[in-house]
Asks: 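Take a look at the following structure, please.
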Amino acid sequence: MVNYMTDSIAEITFAQAINRALKDAMVEDDSVICYGLGADDPLRIFSTTKDLVELYPERVFDMPTSENGMTGVGIGAALNGLRPVMTHQRLDFFLLAMDQLVNAAAKWHFMFDAKSTVPIVIRLIIGRGWGQGPTHSQHLHAWFAHIPGLKVIIPTSVNDAYHLLKQSIKDNNPVVFIEHRWLHNQKGSIDTNHKSTLSQAAVVKQGTELTLVSSSYLTVEAIRACEFLEQHDVSVELIDLRTVNPIDWPTIYTSVAKTKRVLVIDAGARTGSISGEIVAQVSEMLFDQLLAAPARMAMPDIPEPTSYSLTKDFYFGAKEIVEKIMTMLGIDIDPTQVDSLNVQGHHDIPGEYFKGPF
Amino acid sequence: MVNYMTDSIAEITFAQAINRALKDAMVEDDSVICYGLGADDPLRIFSTTKDLVELYPERVFDMPTSENGMTGVGIGAALNGLRPVMTHQRLDFFLLAMDQLVNAAAKWHFMFDAKSTVPIVIRLIIGRGWGQGPTHSQHLHAWFAHIPGLKVIIPTSVNDAYHLLKQSIKDNNPVVFIEHRWLHNQKGSIDTNHKSTLSQAAVVKQGTELTLVSSSYLTVEAIRACEFLEQHDVSVELIDLRTVNPIDWPTIYTSVAKTKRVLVIDAGARTGSISGEIVAQVSEMLFDQLLAAPARMAMPDIPEPTSYSLTKDFYFGAKEIVEKIMTMLGIDIDPTQVDSLNVQGHHDIPGEYFKGPF
Amino acid sequence: MSDLKHFLQHQKTILETLYLIRDIEEGIAERYPQGKMRCPTHLSIGQEGVPAALAPLLKITDLAVSTHRAHAHYLAKGGCPKAMLAEIYGKATGCSGGRGGSMHLIDESVGFKGSTAIVGNTIPIGVGLALAQKIRQETNISVVFVGDGAIEEGVFYEAANFAALKQLPVLFVCENNLYSVYAPLSKRQPVGRKITDVVNGIGINTAIADGNNVVECYQVLSEQIQQIREGRGPRFIEFSTYRWREHCGPNYDNHIGYRTEEEYLAWKAKEPIARFEQWLADYQLMSPTDMAKIRQQIRHKINAAFEFAEVSEFPSADKLANTIYG
Amino acid sequence: MSDLKHFLQHQKTILETLYLIRDIEEGIAERYPQGKMRCPTHLSIGQEGVPAALAPLLKITDLAVSTHRAHAHYLAKGGCPKAMLAEIYGKATGCSGGRGGSMHLIDESVGFKGSTAIVGNTIPIGVGLALAQKIRQETNISVVFVGDGAIEEGVFYEAANFAALKQLPVLFVCENNLYSVYAPLSKRQPVGRKITDVVNGIGINTAIADGNNVVECYQVLSEQIQQIREGRGPRFIEFSTYRWREHCGPNYDNHIGYRTEEEYLAWKAKEPIARFEQWLADYQLMSPTDMAKIRQQIRHKINAAFEFAEVSEFPSADKLANTIYG
Ligand SMILES: Cc1ncc(C[n+]2csc(CCOP(=O)(O)OP(=O)(O)O)c2C)c(N)n1
Ligand SMILES: Cc1ncc(C[n+]2csc(CCOP(=O)(O)OP(=O)(O)O)c2C)c(N)n1
Ligand SMILES: [Mg+2]
Ligand SMILES: [Mg+2]
C-alpha cells in the first residue's frame, strides 16, 4: 500500500485533495466508512470518492434517497465504533436531515453527559451558476454555526481541504464539512509539514490597513482583490475563516486590533449571516479601537435565480471587494484598472472547461 | 354568530388571544383550516385551539406524526386556495420539516415568478423549564430569519398575539409564528383600535439613555428591568422586535440615533443569533453616532440541560439585564435592590400555578 | 377495452402529446450544446408514454405537480410549450420568468401547479392540493408524479399515509425507470420488493402498467382516475419505463458503466411512440399519412416555440427583490 | 413451546423485570407530585410485558435505543435503576448527569445506547448501530423500540427500507398502545390498515403478539431474535399493549375524554403481571410465596435506588461549556 503521507504533493485539485484525504483516512483507519448518493457511481461525486469502493467494497456504498434516515444511520454507526463520512452533492438536500443533525448528532455528547461521541463527517457541496437556481445553491453555513455541538468547516485551499478533512474524520464530534463546487477544480498542493488545524483561521496574507475576513470560494476572490490592491500599495490583511463553528476569535481580534478596520465577506444571505456575527462581535469587543465603521458584504436576502441574465450581477467578486475597500479607506484607483478584475467569459461557470449541465 | 371584532377585550391570556385570533379568522374566512398534533384533543394545544373543531369539524383536525409531510400538505392546500394554520407544540419537532419550509414554502412565490403564493401560518411553541431539556427548548428564530421569503413573527403582548396572528393568517406569505410557552399565561387585553402590523417593531417604552432591543418572553423581563431602572432615574427605550424577518430597521435606527447606545437581548444561542445581526447592522450604519460599544446578551452556545440545578442560572432575566445596563452606562445602584429583581420561587416554571410535567 | 369510445376520441390527443414531448425533448438535446440553455435539464425521451396516455384523461381543473424531470408532465397537462422553452433559455417570457429553469415549471392556467428540484419535495404538496379539493367537495383530482427514487424519501410515505387516511383524490403516477441518477434499484431498495407492495401496505390501492404500451397505460389510468373521481380515495400506479439519455443533460451515457448498451437497446426496441403508431395503423384507427401530418404540425409548433424562446428578452434583475414576498 | 428449556431458565428474570418496571414506575407516580422530578416523564405502567419478555433474550453485547417512554426499555436492557432515578431527579449521579432527564437515558455498560425525546429520532440511529454490527460481522443485534405513533414518521420508513436493503440485524419492537398522546390510531393511520402490513410491504418480516401475554411475547421474540442472529435480516414485531396512566405524568386521565374508563378497565383486566404470575402458578413453575419473595427483594432495591437519587448531589453548571465537544 502506498504511504500517501510521506510526501508533499504538488499541483493537484481541491477535489483530488478531498479524494486523497478520504483514501488516506480509510487506509489508516478501518472504522472509516464512506457513503452517499453517487459514492460508488461512475462519476464518484465529482471524482472526490474515486477508487474508494475498489479499495474497500464493504465500507463504501451508495444509499437510498433518504437523507434524514441515512444521517441517523450514520449517527448510529458512529455511536457503534465507525467513523462515517456521508456526502451530499448539494447542501440543499441535507435540509431534510435537520432533525438528525440538530436534535441527535449535535446534542448527543452533551445531553448524555459525555458518555459517548458521534464522530461523523457530513460533506456538503454548495452549487453555484449554470442555473443551479433557488434550491441548488444555498450557502447555509450560518445555520450550522448557530448549533452548539457541531463543528463547521468551510475550507478554501487545497492544503486545507486535505488536512481539515482528515482531521474532521479523526475528530470525535459531528463535523459539517462544506465544499464549494467552484473550488473543486482550483489547484494547489498538499504540504505535509503544514497541517491546518480544526478551529483555526488562516492569515492568508499579512497587511496593515484593513482586515478582510472571508471563507470558502469567496477567499479566491478575496485573494485576487488583495493582490490587486497590493499592486496599488494598499495593504490588506486577509483571514480565511476555515471554521465557522467554533469561530477563531483570537486570530480575528489580533488582526483587527492591528489594522483597526474590518470588512467581512460572506456568500450567505445577509440577514442572520456569519458576516453579521463577526461584525457584531468585533464591534462589541474592539469598538474603541476601530477607526471606521465595520462592514460586511453578503448576499442579498434573495434566493439565487436561474437565468443567465439574473445571475449576471448576483454574486460579488474581486472587483466589488476592491471597490468596497476603496470606499472604506477613502482611496481612488483608476476605474478601468478596477474593471480589469471583472471575470472574462461567462459569469456562471467556474471555468471554460465547464460545459454544463451539472 | 358573535361578532368578536367589535369590542376590545380586557384581561385575557396570551393563549386566549391566540385562540380568539384563530376563531375570528375561521369565522371571517372559510378557507382557513387549522391542524396539528392535538388541535382537536382534550387539551387543545394549551387551550389555543379551544372550540374550533366544534365550530368547524371539517376544517380542524389532528394529524399523523409526520411533520415534514404535513407541512407539504399545508403548502399544497395553500396553493389550492386554503389558508392553513399548522401548530407544533415544540419548535424542535419542526426541524423535521426544513425541506418543505425552506425549499418549498419560502421559495415558491419567488421561484415561480410570483405566479402563486403560499399563505400558510406555522405556529411554533418554544419550551422552557421543568426539564424541557436539549430538544424541547430551542429558540431557533435566527434560522427562520436567515431564509428569504419567510415572515417570522415572535410576539410578546396579548394584543400583538391577537393582531399579528390574524394578520399572519391574512398574509399571502409563509409565516412562522413563534409563541413562547411562558407567554401563554401572561395577561393583557386586546385593543381593537390599536392593531399591530406585521413587520413593525413596537416601541414599548420611550427613553433617552440607551436602546434595549428585545423579543418574545425576554421582553417581559426587559419591561421589569426598564421599570426598575426608571425608578432609579435611568431612562431606557425598549423596542420589542415582534418580527425578525423582515427586521424593522427604521424603528431601531431612529431609537439608537437618539439614545446613542444599544443593547440587544436574545433567547437564541449567541453565535449566529439575531442579536448579532442587529448589533452588526447598527454598528455598520450608526458607527459614528454610537457613544459606546454596542452590546448583546444572548444564550450561551450550550443546549438547555434538564436538571433543576443546571438550569438555575442558565437563562438571564431582569436582574442581569439591569446589571448589564448599569455597566454600559457606568452607573451604580444598590445591589440589594438589584437583587430584588430575582424571581421568587422556582426558576424553572412560569408561575406557581404550574405543576408539571408538560 | 371497456372504454373504447372514449379512447377513440382521445387517440389524437395522445399521439399529439407523444410527438410533442419527444420532439421538443429532441429539440432541446440538439440545441443544448450551444450553451444557451444554461440550467440542469432532465429529459424525458423514452418516457413519453405515460404522460401522453394521461393527457386526455385530465380536466383542466385537475391539478398536477412534478419533479426535476418535469417537461413531459407539464406538456401533458397542457402547459404552454413556448413558456417552457423560454424558461429553459432563462427568458422573461419563461413560465417562471427565468427564475426556475427546467426544473421549476408552472402553468397555473392549466392546473400545472409546479415542479421542484428536490427529490420528493412536491409529493406532499400534491396531496395538499387534494386536501383542498376534498374539503371543497370537488370532483377534481390531483396528480403527483414521482420517480422510483423519490419513493425512498420518508416524505413520500408520510404523504401517502395522509392521503390514505383522509381518502383524498390523489393519483400517484410513478414512473419507474429503474435508476436514480446512476444508481440501479438494487442499491436502494430491497431486492425482490415491489414498489406497489410498499404502497399497498400503506393502504393505497395500486395498479401497474407497461409504460411503453400507451394503450395499456390509458386503460389503467382511465379506470383508476374514474375511481378517484368517484370518491374512492387515492390511487397509485407504477409504470415501467426507461430514460434513454443521461440522467441530466442531452447526451447518451451507456458507455460510462452504470448500465449496458444492451439494456438500453432492449428498452428502445419497446419504444412507446412507434408501438402506438403501429397499433393505430393495425386497427386502422389512423393512417400513417395522417400521423405524419400531425407530427408535421407539432414540429411547426415546436420550431415556433424555440424561435419564441430564442428571441425573447432576458429578464431584468431589478424586480427580484420586490418579489420575495407576495 | 419449543424452547421450554430456555424459558425455564428465564422465567425468574422475566418476573423480576416485570416487578422492577412496575414498581419503579409506581414509585415515580407516587413521588412525582412532590415536585422533585422536574422533567417530562412518560410511564410504562401496563406496558411491562414486552420489555420483560425481551430482557433475558438480549445479550449484554446487544444494543438498544428507545424513545420518550424509555424507562422500561432501559431497565429491561439491564440499565442501572439508581442512575435512572437519579437522572429523573436531575442529579449528578444520573445516567446522563442530569442533562437529559427521563426522556434521555443511557447506560453504555449494558448496551443501552440512548433514548431521545423526538418521536422517531432514534429509529435510524438503531439501524446505524446494526450497520456497524453487520460490517464487523458480529452476531449481536440492535433493538429499536418504537410506538405506534413513531411509525408515522418518514424516518421510520427510510430506516426500515435501509435495514431491509442491507439485511441488518435489527429488531424493531413496536409497542402499539393505540394512542399517540391523546390521538387514537383512527386519527392518524388509515382505518383497517395494519402496521405490520406497512412493514411487510417495505420488505421486513413481521410478527405480532399479545403484549399482555408474557409467555407469548417471549416465544415470538425468541424465534425472531434467533432468525436475526442467524443473519436472516431485520424483523419487526408488533405488540398490542396499553398505557394505564396519562401520556406524560403520573395521573390517570380516563375522564378527560379521549378514551373511556371501560376501555382502560378492559385492558387492565388483561394485565401482564398477574397473568404471568397465574401462569407460573398454574404450571407450578414458581410458588406464590417465591414470587412474593422476589417482589420484596425488588422493592428493597427500588427503595434503595430512590434513596440514592434523593440524597445524590445536584450537578454543577460549571462543566456544561466544556462538554459541548467530545
Ligand atoms: C433530496 C434530494 N436528494 C438528491 C437529489 C439529487 N437527485 C436529483 S434527481 C435524482 C434522481 C431521482 O430519481 P427518480 O426519483 O427515480 O427520478 P428520475 O431521475 O429517474 O426521473 C437525485 C437523487 C435531489 N435533487 N434531492
Ligand atoms: C417529532 C415529534 N413530534 C411530536 C412530538 C410530541 N410527542 C411526544 S410523545 C408523542 C406520542 C408518540 O406516540 P407513540 O409513538 O405511539 O408512543 P407512546 O407515547 O404511545 O408510547 C408525541 C406526538 C415529539 N416529541 N416529537
Ligand atoms: Mg428513476
Ligand atoms: Mg402509542
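On a predicted model such as this, the values are computed, not experimentally measured, just so you know. Order of the sequence lines fixes the chain letters, A, B, ..., with proteins taken first and strands second; residue numbering starts at 1 for each chain. Any value given below was found using the heavy atoms of this structure, including those in side chains, with hydrogens, waters and symmetry copies removed.
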Asks: Heavy-atom distance under 4.5 Å to chain A: side chain of D:L129, backbone, both or neither?
Replies: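 D:L129 touches chain A through backbone and side-chain heavy atoms alike.
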Asks: Can we say A:K50 and A:D40 salt-bridge, meaning some charged N sits less than 4.0 Å from an Asp/Glu carboxylate O?
Replies: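 Salt bridge flag = no for A:D40 with A:K50.
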Asks: Identify which of A:L150, A:V118, A:L96 forms the greatest number of heavy-atom pairs closer than 4.5 Å to chain D.
Replies: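 Most pairs with chain D among the choices: A:L150.
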Asks: Looking only at heavy atoms and a cut-off of under 4.5 Å, which of D:T323, D:I123, D:I324 has the most pairs with chain A?
Replies: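 Result: the option with the highest number of such pairs is D:T323.
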Asks: Can you tell which part of A:K107 gets under 4.5 Å to a heavy atom of chain D, answering side chain, backbone, both or neither?
Replies: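 Looking at A:K107, nothing touches chain D.
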Asks: Are A:K166 and A:E28 ion-paired here, with the side-chain N under 4.0 Å from a carboxylate O?
Replies: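 Answer for the salt bridge query: yes.
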Asks: Against chain A, work out which of D:V127, D:I106, D:V155 has the most heavy-atom pairs shorter than 4.5 Å and name it.
Replies: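 With the most close heavy-atom pairs to chain A, the winner is D:I106.
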Asks: Quick one: which of A:T71, A:L140, A:I125, A:N68 gives a side-chain contact (heavy atoms from CB on, under 4.5 Å) with A:F94?
Replies: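 Only one option passes, and that is A:T71.
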Asks: What residues of residues 66-75 of chain D make heavy-atom contacts with chain A at a cutoff under 4.5 angstrom?
Replies: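 Interface residues of residues 66-75 of chain D: none, nothing closer than 4.5 Å to chain A.
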Asks: Looking at D:A130, D:A163, D:A160, D:S115, which has the largest count of heavy-atom pairs under 4.5 Å with chain A?
Replies: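 Heavy-atom pair counts peak at D:S115.
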Asks: Check each atom of D:L63 against the heavy atoms of chain A and say whether the ones under 4.5 Å are side chain, backbone, both or neither.
Replies: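 When you check distances to chain A, only side chain atoms of D:L63 fall under 4.5 Å.
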Asks: Applying salt bridge (Lys or Arg N to Asp or Glu O under 4.0 Å) to A:E179 and A:R123, what does each step give before you reach the verdict?
Replies: CA-CA 7 Å; A:E179 302 165 25; A:R123 294 176 50 214; 2.5 Å; yes
Asks: If you tally heavy-atom pairs under 4.5 Å against chain A, which of D:R136, D:K113, D:E87, D:Q133 wins?
Replies: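 When all of D:R136, D:K113, D:E87, D:Q133 are compared, D:R136 has the most.
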Asks: Contact part of A:P84 toward chain D, heavy-atom cut-off under 4.5 Å: side chain, backbone, both or neither?
Replies: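 For A:P84, neither part sits under 4.5 Å from chain D.
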Asks: Top residue by heavy-atom pair count (under 4.5 Å) with chain D, among A:D171, A:L79, A:T65?
Replies: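 The option with the most such pairs is A:L79.
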Asks: Looking at A:S31, A:P64, A:A114, which one has more heavy-atom pairs under 4.5 Å with chain D than the rest?
Replies: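 With the most close heavy-atom pairs to chain D, the winner is A:P64.
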Asks: With under 30° as parallel and over 60° as perpendicular, where do the rings of A:H139 and A:H141 fit, or are they tilted in between?
Replies: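 Correct class here is perpendicular.
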Asks: Can you tell me if CD on D:E310 sees more than 12 non-hydrogen neighbours from other groups inside 6.0 Å?
Replies: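 Check passes, neighbour count above 12.
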Asks: Could you tell me whether D:E230 atom CD has more than 12 heavy atoms of other residues or ligands within 6.0 Å of it?
Replies: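 Above 12, so yes.
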Asks: Any salt bridge linking D:E307 with D:K82? Criterion: basic side-chain nitrogen under 4.0 Å from a carboxylate oxygen.
Replies: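 The answer is no: the pair does not qualify as a salt bridge.
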Asks: Is the closest basic N to carboxylate O distance between D:D107 and D:K77 below 4.0 Å?
Replies: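 No.
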Asks: Taking D:K319, D:E153, D:E108 one by one, which has the highest count of heavy-atom pairs under 4.5 Å against chain A?
Replies: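 Top count of heavy-atom pairs under 4.5 Å with chain A: D:E108.
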Asks: Does this structure show an ion pair linking A:D92 with A:R90, if we count only N-O contacts that are shorter than 4.0 Å?
Replies: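 No, A:D92 and A:R90 are not salt-bridged.
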Asks: Using non-hydrogen atoms only, which part of D:N121 is less than 4.5 Å away from chain A: side chain, backbone, both, or neither?
Replies: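 Both parts, backbone and side chain.
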Asks: Is there a side-chain hydrogen bond (donor to acceptor under 3.5 Å, both in side chains) between A:H109 and A:N172 once you walk through the steps?
Replies: CA-CA 10 Å; A:H109 179 72; A:N172 282 332; over 6 Å; no
Asks: Taking NZ, NE, NH1 and NH2 as the nitrogens, is one of them in D:R188 or D:E152 under 4.0 Å from a carboxylate oxygen of the other?
Replies: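 A salt bridge links D:R188 with D:E152.
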